A.B. asks: 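Pasting in a structure now, in structure tokens, and then I'll have a few things to ask.
Since the structure is predicted, the reported quantities are computational estimates derived from the model, not experimental observations.
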Amino acid sequence: MKYLYRLYQIVIALPILVVWSIIIAVMMTVGCAIGNKRYWGYAPGKWWGWLIVRIFLLPVKVEGKGFIEHDKSYVFVANHQGAFDIFLIYGFLGHNIRWMMKHGILKIPFVGTACKASHQIIIDKRGPKRIKESYDQARTILQKGVSLMVFPEGARTFTGHMGKFTRGAYVLADELQLPIVPITINGSFNVMPRMRDWHFVDWHPLALTIHEPVYPIGQGATNVASSMTDSYSAIMAALTPEYQGMVENPDQ
């Protein structure tokens with residue numbers, strides 16, 4: 001079955017992934033240029049993530065959707081297990097989000113243009129002024145009722161375990177007094193860890209666990225520290241036992 005699945009990927013899944021990604025990037029870019037960026041900045045990405053997970057025949061289990069209110073803004077935070085995290089969240093979270101992502105994404109053909117057109121939050125660390133501009137953009141987006149999706153580790157794991165969380169998303173949530181929604185991803189490391197980028201996908205179930213929102217207990221450093229601790233603990237507790245425990249990520 002392993003080699004039959006790999007043949008399926010070469011002949012069917014990978015060609016669809018490439019063509020579908022280009023179609024979605026163009027659709028997102030054109031749609032946002034025409035109007036209604038709230039819709040076109042999210043919907044094509046949802047279709048993109050859903051289809052990619054499905055064409056690789058990966059089963060998905062989602063828990064906790066009842067914790068999310070449809071028209072409310074949140075800051076979602078998740079562990080970062082592998083490349084399929086993005087497909088899983090985009091396709092199955094079911095909430096209008098923008099991503100906080102690295103500046104290097106803009107260099108990817110089609111994808112970079114679509115990310116810029118759809119007002120994804122590009123974190124540019126090439127100076128204090130650029131960092132401030134990135135956070136100003138995030139504030140504008142969140143105040144319009146759209147939510148933000150962040151991987152607070154800032155990099156994919158090498159081991160399947162969680163690394164440390166950075167404060168950026170929590171400081172922004174504290175400033176705007178928005179709830180943090182922790183999300184646990186399981187299975188993505190088994191499907192394609194970062195050590196095997198551009199290799200074959202391994203079949204493995206994916207799971208997305210949406211936890212109860214962590215609401216502000218005030219404003220300032222105490223609230224930031226509390227929300228970081230509570231969300232980290234919630235995400236860690238729902239990881240499969242083999243990936244429990246923190247392991248430092250040298251790429252952070």
A.B. asks: Quick one: CD on Glu69 to CG on Asp71, what's the gap to the nearest 0.5 Å?
C.D. replies: 9.0 Å
A.B. asks: Using side-chain heavy atoms (C-beta onward) and a distance below 4.5 Å, is Met236 in contact with Met162?
C.D. replies: yes
A.B. asks: I want to check something: taking the side chain as every heavy atom from C-beta on, are Ile235 and Val77 in contact at a cut-off of under 4.5 Å?
C.D. replies: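 Yes, close enough: below the 4.5 Å cut-off.
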A.B. asks: Test Phe189 against Arg156 for side chain to side chain contact (heavy atoms under 4.5 Å, CB included), laying out the working first.
C.D. replies: CA-CA 9 Å; Phe189 184 76; Arg156 287 174 291 163; over 6 Å; no
A.B. asks: Roughly how far, to the nearest 0.5 Å, is the OG1 atom of Thr157 from the CG atom of Asn79?
C.D. replies: 9.0 Å
A.B. asks: Could you tell me whether the side chains of Ser231 and Tyr170 share a donor-acceptor contact shorter than 3.5 Å?
C.D. replies: yes
A.B. asks: Might you work through the side chain to side chain contact (heavy atoms under 4.5 Å, CB included) test for Asn186 and Leu206, ending with a clear yes or no?
C.D. replies: CA-CA 6 Å; Asn186 280 301; Leu206 295 169; over 6 Å; no
A.B. asks: Parallel, tilted or perpendicular: which describes the rings of Trp99 and Phe151, with under 30° parallel and over 60° perpendicular?
C.D. replies: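 If you compare the ring of Trp99 with that of Phe151, the planes turn out tilted.
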A.B. asks: Mark yes or no for whether Asn223, through its side chain, and Gly220, through its backbone, hold a donor-acceptor pair below 3.5 Å.
C.D. replies: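 Between the backbone of Gly220 and the side chain of Asn223 there is no qualifying donor-acceptor contact (under 3.5 Å).
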A.B. asks: Hey, any chance Ile185 and Trp203 share a hydrophobic cluster, counting ILVMFWY side chains that come within less than 4.5 Å of each other, even indirectly?
C.D. replies: yes
A.B. asks: Indicate yes or no: at least one non-hydrogen side-chain atom of Val62 is less than 4.5 angstrom from one of Ile210.
C.D. replies: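 Val62 vs Ile210: side chains touch.
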A.B. asks: Counting only heavy atoms not in Tyr243, do more than 12 sit closer than 6.0 Å to its OH atom?
C.D. replies: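 Buried by this count: over 12 neighbours within 6.0 Å.
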A.B. asks: Closer than 3.5 angstrom, by distance alone: can the side chain of Glu63 be matched with the main-chain N or O of Leu208 as a donor-acceptor pair?
C.D. replies: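 Checked: no pair found.
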A.B. asks: Determine, stepwise, if the pair His211 / Ile183 fulfils side chain to side chain contact (heavy atoms under 4.5 Å, CB included).
C.D. replies: CA-CA 6 Å; His211 300 280; Ile183 296 175; 5.6 Å; no
A.B. asks: Which value, rounded to the nearest 0.5 Å, describes the distance between Asp230 atom CG and Glu212 atom CD?
C.D. replies: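 With rounding to 0.5 Å, CG (Asp230) is 11.0 Å from CD (Glu212).
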A.B. asks: Checking side chain to side chain contact (heavy atoms under 4.5 Å, CB included) between Phe76 and each of Ile180, Leu93, Val150, Leu148, which is the one that passes?
C.D. replies: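 In the set Ile180, Leu93, Val150, Leu148, the residue that makes a side chain to side chain contact (heavy atoms under 4.5 Å, CB included) with Phe76 is Leu93.
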A.B. asks: Show me the donor-acceptor pairs, under 3.5 Å and distance only, between side chains in residues 42-56 and residues at least two apart or in other chains.
C.D. replies:
unit_1: Tyr42; atom_1: OH; unit_2: His95; atom_2: N; d: 3.3
unit_1: Tyr42; atom_1: OH; unit_2: His95; atom_2: O; d: 3.3
unit_1: Trp48; atom_1: NE1; unit_2: Ser21; atom_2: OG; d: 2.9

A.B. asks: Please determine whether residues Phe84 and Tyr5 belong to a single hydrophobic cluster, defined as Ile, Leu, Val, Met, Phe, Trp and Tyr linked transitively by side-chain heavy-atom distances below 4.5 Å.
C.D. replies: yes
A.B. asks: Examine distances only and state if a side-chain atom of Asp174 and a backbone atom of Thr222 form a donor-acceptor pair shorter than 3.5 Å.
C.D. replies: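 Side chain of Asp174 to backbone of Thr222: no pair is present.
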A.B. asks: With sequence neighbours excluded, what pairs up with Arg38 under the salt bridge (charged side-chain N to carboxylate O under 4.0 Å, His left out) test?
C.D. replies: none
A.B. asks: Mark yes or no for whether Ser188, through its side chain, and Gln81, through its backbone, hold a donor-acceptor pair below 3.5 Å.
C.D. replies: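 Between the backbone of Gln81 and the side chain of Ser188 there is no qualifying donor-acceptor contact (under 3.5 Å).
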A.B. asks: Do you know which two heavy atoms are closest between Ala173 and Val75, and how far apart they sit?
C.D. replies: CB-CG2, 3.8 Å
A.B. asks: If you take all heavy atoms of Ile97 and Met149, which pair is closest and at what distance?
C.D. replies: CD1-CB, 3.9 Å
A.B. asks: Say whether Val11 and Phe200 are linked into one hydrophobic cluster, either directly or through other cluster members, by side-chain heavy-atom distances under 4.5 angstrom.
C.D. replies: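 Different clusters: Val11 never reaches Phe200 through Ile, Leu, Val, Met, Phe, Trp or Tyr contacts under 4.5 Å.
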A.B. asks: In the structure I gave you, are the side-chain heavy atoms of His161 and Met246 within less than 4.5 Å of one another anywhere?
C.D. replies: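 Of all side-chain heavy-atom pairs linking Met246 with His161, none is under 4.5 Å.
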A.B. asks: Please name the pair of heavy atoms, one in Lys72 and one in Ser147, separated by the smallest distance, quoted to 0.1 Å.
C.D. replies: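 So the minimum-distance heavy-atom pair works out to O-OG, 3.4 Å.
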A.B. asks: Can you tell me if Ser227 uses its side chain to pair, donor with acceptor, with the backbone of Val224 under 3.5 Å?
C.D. replies: yes
A.B. asks: Could you pull out the closest heavy-atom pair between Asp202 and Leu58, with the gap in Å?
C.D. replies: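 The pair with the smallest heavy-atom distance is O-CD2, 4.3 Å.
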A.B. asks: Going from NZ on Lys65 to OG1 on Thr209, what distance comes out if it is rounded to the nearest 0.5 angstrom?
C.D. replies: 12.5 Å
A.B. asks: When clusters are formed from ILVMFWY side-chain contacts under 4.5 Å, directly or step by step, what else is grouped with Leu4?
C.D. replies: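 Members alongside Leu4: Met1.
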A.B. asks: Determine whether Pro250 and Phe158 make a side-chain contact, defined as any pair of heavy atoms from C-beta on separated by less than 4.5 Å.
C.D. replies: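 Side chain of Pro250 against side chain of Phe158, heavy atoms only: contact under 4.5 Å found.
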A.B. asks: Considering only heavy atoms from C-beta outward, does the side chain of Glu153 approach that of Asn249 to under 4.5 Å?
C.D. replies: no
A.B. asks: Treating Asn190 as the side-chain partner and His204 as the backbone partner, does any N or O pair qualify as donor plus acceptor under 3.5 Å?
C.D. replies: no
A.B. asks: For a salt bridge (Lys or Arg N to Asp or Glu O under 4.0 Å) check, start with the C-alpha distance between Asp251 and Arg194, then their side-chain angles and the critical distance, and finish with the verdict.
C.D. replies: CA-CA 12 Å; Asp251 199 27; Arg194 65 182 298 177; 2.9 Å; yes
A.B. asks: Do Leu17 and Val19 land in one hydrophobic cluster if side-chain heavy atoms of ILVMFWY residues count as linked below 4.5 Å?
C.D. replies: yes
A.B. asks: Are there over 12 heavy-atom neighbours, none belonging to Glu248, within less than 6.0 Å of that residue's CD?
C.D. replies: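 It does not: Glu248 CD has 12 such atoms or fewer within range.
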A.B. asks: Can you establish whether the number of heavy atoms outside Arg139 located under 6.0 Å from its atom CZ is more than 12?
C.D. replies: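 Counting neighbours around CZ of Arg139, more than 12 heavy atoms of other residues, nucleotides or ligands fall under 6.0 Å, so yes.
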A.B. asks: Same hydrophobic cluster for Ile23 and Trp40, using side-chain heavy-atom links shorter than 4.5 Å among ILVMFWY?
C.D. replies: yes
A.B. asks: For side chain to side chain contact (heavy atoms under 4.5 Å, CB included), just list the numbers for Ile68 and Tyr74, CA-CA rounded to whole Å, side-chain angles, deciding distance to a tenth of an Å, and then say yes or no.
C.D. replies: CA-CA 9 Å; Ile68 302 173; Tyr74 300 96; 3.7 Å; yes
A.B. asks: Determine whether more than 12 heavy atoms belonging to other residues, nucleotides or ligands lie under 6.0 Å from atom NZ of Lys164.
C.D. replies: no
A.B. asks: Can you give me the closest heavy-atom contact between Cys32 and Ser118, atom names plus distance?
C.D. replies: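 Distance-wise, the nearest heavy atoms are SG-CA, 3.7 Å.
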A.B. asks: Restricting to non-hydrogen atoms, name the atom on Pro182 and the atom on Val214 that form the minimum distance, rounded to 0.1 Å.
C.D. replies: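 What the structure gives for the nearest pair is CG-CG2, 4.1 Å.
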